[in-house]
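Pasting a structure below so you can have a look.
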Amino acid sequence: MNENGSNRMTPEEEERFKKARKGRNLAIGGALLFLALLFYAITIVRMGD
Amino acid sequence: MTSTTTLFTPTAATPMSSHWRDFLALAKPGVVRLVVFTGLCGMLAAPGSINPVLGFAAILSIALAAGGAAAFNQWYEADLDARMKRTARRPIPAGRVAPKDARDFAALLCGASVLVMGLAIGWLAASILVVSIFYYVVIYTMWLKPRTPQNIVIGGGAGAFPPLIGWVAVTGDITLTPILLFAIIFFWTPPHFWALAMFVKSDYAKAGIPMMPVVRGERATRWQILAYALFMVPLAAAPWYLGTAGIVYGVASLVLTGLFALLAVPVGLRTSGAQDTMKPEKRLFAYSIIYLFALFGVLVIDRVLQNAGVIG
């Protein structure tokens with residue numbers, strides 16, 4: 001429920017929600033990209049052992 | 001999860017607007033910093049060398065495991081956290097992260113940590129990481145913490161794994177020195193944590209957590225803080241007199257641990273009165289953190305000096 005007791009979000013709540021979701025998505029995207037690079041680097045190093 | 005898990009129950013119509021910073025807070029970055037530091041020191045103090053990429057992957061794994069275990073802890077204890085002033089503003093009790101999301105985030109971090117460690121370093125180090133996560137989440141958080149005032153003593157083992165894992169990442173085996181490093185953190189934890197528990201005693205009592213000062217009383221806790229701190233003096237110097245660390249570490253450990261024991265003396269011998277500011281306890285707690293950083297830092301410096309041939 002929102003601040004007014006309704007199940008629908010107010011425009012401010014929706015704005016806040018979208019902003020938070022965008023931040024989370026960027027963080028997940030960054031983490032995945034970082035992991036892909038890390039696995040690539042680990043593979044190169046391990047292949048050289 | 002414990003009894004009051006419905007402090008904040010999001011519905012489909014009101015999705016959570018958790019910020020990524022809330023998830024970061026779930027991982028307790030302050031604790032992770034200390035864990036990463038001791039893990040890194042274990043790695044740098046070990047004989048031999050490690051490829052920097054693999055070394056980085058190992059440290060990242062330790063950090064992810066510590067963060068994941070901390071998030072599991074906050075998920076499981078959300079109801080207790082809500083009852084304590086010190087923890088009521090954490091993301092779950094404050095309603096900023098849904099319990100289910102916190103649990104999934106914790107599982108993701110722990111899973112990723114074991115996978116990275118296994119692929120980059122090997123499955124012995126990854127297995128120790130699994131044991132450390134299980135130790136903290138199941139043995140400490142779920143089993144011991146709500147049941148016995150010895151929770152911190154046995155639970156301290158969870159925080160003692162990082163230097164052991166760091167060492168194993170380099171050498172591939174477990175010898176006397178990493179076991180001593182494990183023991184140092186294991187025996188450091190009770191006086192460190194009980195010093196904190198002395199000045200947040202009422203919070204723990206309110207939450208029903210059987211911390212030593214709440215169950216056994218102040219006198220018994222003070223004696224035990226002093227006993228552990230005194231025992232730390234020969235223990236912390238053990239890598240030196242057993243020949244696995246040099247003179248720089250030996251002297252520094254005696255000075256640093258001597259000060260730790262010295263600060264524990266007034267804590268051990270005094271009795272707090274009404275409206276007590278608990279200054280000696282706060283001082284011991286603050287120093288205990290600096291102490292561990294300094295002790296492990298000196299161990300690395302000692303190894304560097306030995307490798308450079310400056311000391312024997």
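Letters A, B, ... mirror the listed sequences (proteins, then strands); counts begin at 1.
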Do other residues, nucleotides or ligands put more than 12 heavy atoms under 6.0 Å from Arg89(B) CZ?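 It does not: Arg89(B) CZ has 12 such atoms or fewer within range.
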Practice problem: Would you give the length of the straight line joining atom CG of Leu119(B) to atom CG of Leu38(A), rounded to the nearest 0.5 angstrom? | Solution: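 Taking CG in Leu119(B) and CG in Leu38(A), the distance rounds to 9.5 Å.
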Task: Any Val116(B) side-chain heavy atom under 4.5 Å of Phe39(A) side chain - done: yes
Residues from residues 158-165 of chain B approaching chain A under 4.5 Å (heavy atoms):
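No residue falls under the 4.5 Å cut-off.
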Short side-chain to backbone donor-acceptor contact, Arg24(A) and His19(B), under 3.5 Å
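Checked: no pair found.
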Exercise for review: Name, in order of residue number, those residues of residues 31-56 of chain B that have a heavy atom at a distance of less than 4.5 Å from a heavy atom in chain A; otherwise write 'none'.
Suggested key: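 When heavy atoms of chain A are the reference, residues 31-56 of chain B contributes Asn51(B), Val53(B), Leu54(B), Phe56(B) within the under-4.5 Å range.
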Need one label for Ala27(A): side chain, backbone, both or neither, based on atoms under 4.5 Å from any heavy atom in chain B.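 For Ala27(A), the side chain is the part near chain B, not the backbone.
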The interface call for Leu108(B) against chain A, heavy-atom contacts under 4.5 Å, is neither
Is the closest side-chain heavy-atom distance between Asn25(A) and Trp20(B) below 4.5 Å?
-> no
